[in-house]
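The structure appears below as structure tokens.
Residue numbering restarts at 1 for every chain, and letters A, B, ... go by the order of the sequence lines. None of these values were measured; they are calculated from a predicted model.
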There are 2 protein chains.
Amino acid sequence: MNVELRHLRAFVAVARTVNFTRAAEQLHIAQPSLSHTIRQLETALGIRLFARTTRSTALTQDGERFLVEAQAVLDRFDAAMEQSSRMASGELGRLRVGYLIGAAVDHVPAILREFADQYPDVALELTEYDFASPNGGLDSGETDVALVRPPLDGVPDAVTTTLLSERCVACVSALHPFAELPRVTVAQVLPEPIVAAPGDNVWRDYWILASYRDTPANITHEAATFEAELQSVAIGRGLSVVPESVARLYGRQGVRYVPIEGMADCEVAVVHREDAPRSAANFARIAARVTAEGSGPDVRG
Amino acid sequence: MNVELRHLRAFVAVARTVNFTRAAEQLHIAQPSLSHTIRQLETALGIRLFARTTRSTALTQDGERFLVEAQAVLDRFDAAMEQSSRMASGELGRLRVGYLIGAAVDHVPAILREFADQYPDVALELTEYDFASPNGGLDSGETDVALVRPPLDGVPDAVTTTLLSERCVACVSALHPFAELPRVTVAQVLPEPIVAAPGDNVWRDYWILASYRDTPANITHEAATFEAELQSVAIGRGLSVVPESVARLYGRQGVRYVPIEGMADCEVAVVHREDAPRSAANFARIAARVTAEGSGPDVRG
DNA sequence: TAGACTTCATAGATGGCGTCTATGAATGTG
DNA sequence: CACATTCATAGACGCCATCTATGAAGTCTA
């Protein structure tokens with residue numbers, strides 16, 4: 001017969017009360033069951049733990065020694081359960097965070113600081129993704145949570161929390177006919193040669209305005225980063241559709257940003273899978289709160 | 001549901017092999033049972049321990065952390081079992097040894113030395129008993145094993161190992177008619193006034209030769225030690241029947257020792273209860289061996 | 001000293017659950 | 001493309017943990 005924790009729990013209860021009846025009540029079992037369990041334990045160990053009369057119960061010398069051991073095992077077990085509970089609640093563990101370049105850059109430091117504050121025992125692992133991986137590692141399972149720009153692709157059971165939205169603008173060469181316009185329409189943009197993300201997925205489709213088109217876009221170049229896009233644009237390979245905040249982040253050397261009338265705003269969201277560890281949800285919650293509260297360090301200007 | 005050691009054992013086995021099928025074989029259970037057990041554990045802990053595909057198994061981050069915990073619990077448990085095993089075999093614990101004054105005095109030091117040598121982790125507690133407690137504390141449960149002179153009384157399930165036997169002699173005053181005789185018969189002793197142990201038990205009966213008598217003995221005095229007996233004898237209260245070795249131990253100031261013809265030899269034995277801890281039997285075994293091997297320090301002369 | 005009460009052990013019944021067999025689904029492999 | 005391997009699921013079975021009922025023994029009280 002295998003000794004189980006229930007034997008130790010029973011033993012410790014009896015050892016502490018020195019009374020089978022009361023110990024049984026504490027354990028929420030019947031007294032004969034407890035007697036049986038203790039007997040099992042004694043048989044398995046090969047030692048007498050209690051000196052029983054019909055009227056009283058006392059620990060034997062061996063029982064006293066074993067009480068220390070049993071208690072130690074149970075304490076160790078409780079510690080393990082405590083730790084697993086902290087893991088379950090997301091207080092303890094590791095969280096792999098992915099972020100797409102240019103997504104919520106203003107807020108990321110505050111989000112991370114707040115999360116680290118609130119969950120000091122969670123090890124954060126940050127990975128930056130470029131437009132070649134617009135899902136921020138969620139599709140491959142490399143990350144647990146990600147700051148990305150929808151739409152996502154290949155992320156089953158994704159839980160998405162939108163953090164902010166902003167206008168989309170057309171980024172054109174300073175020499176481009178659009179360069180000095182106050183705005184352009186989607187219809188004006190569609191025929192233009194366009195610089196797009198690499199690959200072939202719903203995310204790239206989004207930024208080349210595929211949903212507005214009848215015929216395929218004229219993609220003249222592919223770039224995985226804003227810098228690369230802007231360079232391509234600057235040397236006249238075509239225009240590029242980007243979030244408005246890019247204007248702020250990457251300046252205007254050789255390019256101009258022109259709002260696109262009639263195009264829906266684009267968003268930044270924090271995303272995790274439904275079955276991700278709890279800390280992913282915690283991160284998403286904190287990200288949403290931090291983004292809503294402060295607008296981040298004001299680097300505009 | 002309560003987490004039991006079998007869950008931890010199952011978890012550790014799977015974590016080590018990273019293979020449900022092989023782990024199940026090691027645990028001697030069927031693979032579906034193991035899957036079920038692991039699932040139970042995961043549910044109870046609220047965390048995913050394994051990342052399972054239909055083709056492979058891997059520990060999650062949480063699983064890796066919990067493996068350390070689970071292993072620690074099992075290690076602690078194994079240590080407890082190891083210790084209880086040592087208690088069961090009598091290698092570890094306490095042994096309460098009682099000895100009757102004058103019983104095997106020559107051999108006791110060697111016995112204790114040998115036992116302490118062989119069982120260094122058993123704490124010996126020695127208690128001396130006089131003729132008021134000829135059972136050496138076995139009857140009251142004060143001791144676990146005792147060096148005594150049979151017969152015993154009130155010790156249920158006594159396991160007796162005879163160590164040695166010796167002649168009985170009559171101890172008489174130097175002025176007593178028997179004093180210069182080379183020997184006396186039982187019949188000669190019976191009518192004499194006699195000094196006996198206190199109380200009323202089979203042991204006292206033995207030394208007053210009750211089994212040889214038709215009528216009660218004429219007990220003139222009671223004494224709980226040899227010294228007291230010899231003093232009573234010396235001042236003429238009567239004779240006393242004692243083991244021959246007493247002559248050697250207590251000298252001859254005012255008394256003489258006369259062999260009793262026709263009286264069976266008396267014995268020294270090591271005794272413990274059937275249900276005594278294993279170390280009691282160990283002690284008895286060692287006592288028998290030491291007594292048989294050496295005759296102890298030679299203090300005769 | 002007798003009766004009542006307390007406490008632990010025993011006996012027998014029952015039901016929950018741990019384990020089993022059989023089977024399916026998924027996926028890497030020759 | 002068929003096969004082998006691995007884990008999950010479903011349903012059945014049987015052990016054993018627990019239960020209720022009762023007994024035995026000792027303590028306390030009147």
Those residues that, when tested against Phe115(B), pass ring-ring contact (aromatic ring centres under 6.0 Å, His included) (two or more places apart)
Tyr119(B), Phe283(B)

For Phe20(B), all residues meeting ring-ring contact (aromatic ring centres under 6.0 Å, His included), sequence neighbours excluded
Phe50(B)

Enumerate all atom pairs, one protein N or O and one N or O from nucleotides 26-30 of chain C, separated by less than 3.5 Å.
none

Dump every N/O contact between nucleotides 11-14 of chain D and the protein below 3.5 Å, one line per pair.
none

Is there a side-chain polar atom (N or O) of Thr57(A) under 4.0 Å from OP1 or OP2 of dT7(C)?
no

Measure all distances between protein nitrogen or oxygen atoms and nitrogen or oxygen atoms of nucleotides 10-17 of chain C, and list the pairs falling under 3.5 Å.
none

Pairs flagged by salt bridge (charged side-chain N to carboxylate O under 4.0 Å, His left out) wherever residues 31-52 of chain A is involved - sequence neighbours left out:
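Listed by first then second residue: Glu42(A)-Arg52(A).
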
What residues from residues 17-26 of chain B pass a heavy-atom cutoff of under 4.0 Å to DNA chain D?
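Listed by number, they are Asn19(B), Phe20(B), Thr21(B), Arg22(B).
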
Salt bridge (charged side-chain N to carboxylate O under 4.0 Å, His left out) against Asp75(B), all qualifying residues, sequence neighbours excluded:
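Asp75(B) satisfies salt bridge (charged side-chain N to carboxylate O under 4.0 Å, His left out) with no residue once adjacent residues are dropped.
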
Excluding sequence neighbours, so at least two apart, what forms salt bridge (charged side-chain N to carboxylate O under 4.0 Å, His left out) with Arg65(A)?
none

Where at least one partner belongs to residues 53-100 of chain A, residue pairs that pass ring pair (Phe, Tyr, Trp, His ring centres under 6.0 Å), sequence neighbours excluded:
Phe11(A)-Phe66(A)

Under the side-chain contact (heavy atoms from CB on, under 4.5 Å) rule, collect the residues that match up with Asn135(B), sequence neighbours excluded.
Asp139(B), Leu152(B), Asp153(B), Val155(B)

To the nearest 10°, give me the bend of the helix from dT1(C)-dA30(D) to dG30(C)-dC1(D), comparing the axes of its five terminal pairs at either end.
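Helix axis angle between the two ends: 20°.
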
